[in-house]
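I have placed the structure first, in the form of structure tokens, so that the comments after it can refer back to it.
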Protein chains: 2
Amino acid sequence: MAPRVKPSLDTVFAALADPTRRAILAMLLEDDMAVTDVADPFEMSLAAISKHLTILASAGLITQEKRGRVKWCKLEPDAMKGASVWMQGFGQFEPVNLDAFERFLGVELRMEEEE
Amino acid sequence: MAPRVKPSLDTVFAALADPTRRAILAMLLEDDMAVTDVADPFEMSLAAISKHLTILASAGLITQEKRGRVKWCKLEPDAMKGASVWMQGFGQFEPVNLDAFERFLGVELRMEEEE
DNA sequence: GGGATCGTCAACCATCTGGTTGAATATGCT
DNA sequence: AGCATATTCAACCAGATGGTTGACGATCCC
């Protein structure tokens, strides 16, 4: 029942390769959310979002806890550690720059609106 | 002719999601390589490796320059910057730890041998 | 010129991915 | 009990992905 595998680089990178899933992770930065609420801003079906959440969960990037009929989704940023360390082995990237991060988030969201 | 698009998070993460491609990047850390030499340690066809290299190139993670009949592949670690910054927005991961990186490389290579 | 080497192209194939819809399950509310 | 809400399941579909093989165009070398 507990999330089985070691979240491999394969599954983490693959999970992060989809813009919908990255947007979900960004939403979860602010707070834990129910599946329905996660789905709300997207134009796709609830079932599709549910699948995305399953993928994020099996990559270890989120955990889901059912309380009552609501399943709460919680960001697990530590799951990115391995991938982050791996990438940083390729170059000393600029010291963690939150401004740049927010700019990226902004660009991503804007792209989805335009689509 | 020049690599067209802005290497998006989509293409970078997708490129990194494949273990063969990550192994290729790790090889290129040591030195630039010809396509044939890149393909050598793998058990798949040269054409398959050529495709992987194309994917890496269109994600901006490598560049390829043809000199004579040999096409040289060069690592372009800066293409990871965006992805790295994006991930670091989710948590302050341990200050660049090369030991951990080499451990990861080791694990990845070992996995391929066993397969 | 002619043969070997380097690399890509084209066609093909099996499998994965991301989405849909409709039905099913589980919980909460009155 | 009976209805509404929350979420998943199952079947299906189109298109992407990762691999193969065989032919092809370039380039180097004798």
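To find a chain, count down the sequence lines: A is the first, B the second, and so on, and within it residues start at 1.
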Do you know the tightest heavy-atom contact between B/Thr20 and B/Phe42?
CG2-CE2, 3.8 Å
Calculate the interatomic distance between B/His52 atom NE2 and C/dG7 atom P; express it in whole Å.
16 Å
Within this structure, what is the CH2-to-P distance between B/Trp72 and C/dT8, rounded to whole angstrom?
14 Å
On DNA chain C, nearest-nucleotide positions of B/Lys66 versus A/Val70: which is more 5'?
B/Lys66
Which sits closer to the 5' end of DNA chain C, B/Leu53 or A/Gly68, going by the nucleotide each is nearest to?
B/Leu53
What closest approach, in Å, do A/Ile62 and A/Leu53 show between heavy atoms, and which atom pair accounts for it?
CD1-O, 3.5 Å
So what does B/Ala34 touch, heavy atoms closer than 4.0 Å: a base, only the sugar-phosphate, or nothing?
sugar-phosphate
Could you tell me how far apart A/Glu43 (CD) and C/dT20 (P) are, to the nearest whole angstrom?
10 Å
Has the side chain of A/Arg69 got a donor or acceptor that lies under 3.5 Å from a partner of the other kind on the base of D/dT7?
no
Any side-chain heavy atom of B/Leu61 within less than 4.5 Å of one from A/Phe90?
no
Can you check the B/Asp40 CG to C/dT5 P distance for me, whole Å?
14 Å
Just to confirm, is there a sub-4.0 Å distance from OP1 or OP2 of C/dG7 to any side-chain nitrogen or oxygen of B/Ser50?
no
Flag, side chain of B/Ser50 to backbone of B/Leu46, donor-acceptor distance under 3.5 Å:
no
Over how many whole Å does the gap from B/Met44 atom CE to C/dA14 atom P extend?
19 Å
Measure distances between side-chain N and O atoms of B/Lys51 and base N and O atoms of D/dG19, and say whether any donor-acceptor pair falls under 3.5 Å.
yes
Whole-Å distance, B/Asp10 CG to D/dT17 C1', equals 15 Å
Side-chain N or O of B/Arg67 closer than 4.0 Å to phosphate OP1/OP2 of C/dC6:
no
Provide the closest heavy-atom pair for A/Met87 versus B/Ala83 in the form atom of the first, atom of the second, distance.
CE-C, 3.7 Å
Write down the distance between CG (A/Leu46) and P (C/dA24), rounded to a whole number of angstrom.
18 Å
Select base, sugar-phosphate, or nothing to describe what B/Ile55 touches, counting heavy atoms under 4.0 Å on all strands.
sugar-phosphate
Starting from P on C/dT17, measure out to CG on B/Asp18 and report it in whole angstrom.
12 Å
